[in-house]
Amino acid sequence: MEQRVSIPQLTSEQLQAARAAATQARRARADFKAKVRAGDVSLAEALEDAAGDDVLAHIKVVDLLKSLPRVGEKRATAAMEKLDIAANRRLRGLGRHQIAGLKAEFK
């Protein structure tokens, strides 16, 4: 027999706190990608920072690559295909060989 799990009902205060936390996380990820775009943070530094930060670990790999100077949709997609990285992969889901490959590809 299948058990059903009910979703807990959140109070308006809990909903508001969750929305604020989500907004703060989105802003942190956007600021981080802006630093990468400006050249203040290299790809290697970005990957290391994301490894230790749960918020940054949720950035999609393709979005981070497109944030790099002189990297657009085509180059990012080609690099991900070459390194066998799924299009929807997030930084947290990268293996050590994929990380090493990205660092070598975008020195």
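Fair warning: this is a prediction, and the values are worked out from it, not measured in the lab. One is the number of the first residue; the rest follow in order along the sequence. When reading the values below, keep in mind they use all heavy atoms of this one structure, side chains included, and skip hydrogens, waters and symmetry mates.
Note: Q98 CD to R89 CZ = 6.5 Å, rounded to the nearest 0.5 Å. Note that the CG atom of L43 and the NZ atom of K107 stand 12.5 Å from one another [nearest 0.5 Å]. Atoms NZ and CG, on K33 and D63 in that order, are 4.5 Å from each other to the nearest 0.5 Å. Taken from CZ in R75 to NZ in K66, the straight-line distance is 14.5 Å, to the nearest 0.5 Å. Note that CG of D49 and CZ of F32 are 4.5 Å apart. Values are rounded to the nearest 0.5 Å.
The two residues A87 and V62 have their closest heavy-atom pair at O-CG1, 4.2 Å. In plain terms, the two heavy atoms of A79 and E105 that are nearest each other are CB-CG, 4.1 Å. Looking at every heavy atom in both residues, R90 comes nearest to A57 through CB-O, 3.8 Å. The minimum heavy-atom distance linking L56 with R29 is given by the pair CD2-CA, 4.3 Å. Among all heavy-atom pairs drawn from L83 and G101, the shortest one is CD1-C, 3.6 Å.
Contacts of E81 classified as salt bridge (charged side-chain N to carboxylate O under 4.0 Å, His left out), with partners at least two apart in sequence or in another chain: none.
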Could you pull out every donor-acceptor pair under 3.5 Å between side chains of residues 17-28 and any protein atom, sequence neighbours left out?
from	atom 1	to	atom 2	distance (Å)
T23	OG1	R19	O	2.9
T23	OG1	R26	NH2	3.2

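Crowding of Q14 atom CD: a count of heavy atoms from other residues, nucleotides or ligands under 6.0 Å exceeding 12.
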Give the C-alpha distance, both sets of side-chain angles, the deciding distance and a yes or no for side chain to side chain contact (heavy atoms under 4.5 Å, CB included) between L65 and L68.
-> CA-CA 5 Å; L65 293 179; L68 291 168; 4.0 Å; yes
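Using a 4.5 Å heavy-atom threshold, the side chains of I85 and L94 count as touching. Within the 4.5 Å cutoff, the side chain of L102 has no heavy atoms near those of the L64 side chain. Within the 4.5 Å cutoff, no side-chain heavy atoms of V36 are placed close to those of E45. When side chains are defined from C-beta on, K103 counts as touching E48, because their heavy atoms get closer than 4.5 Å.
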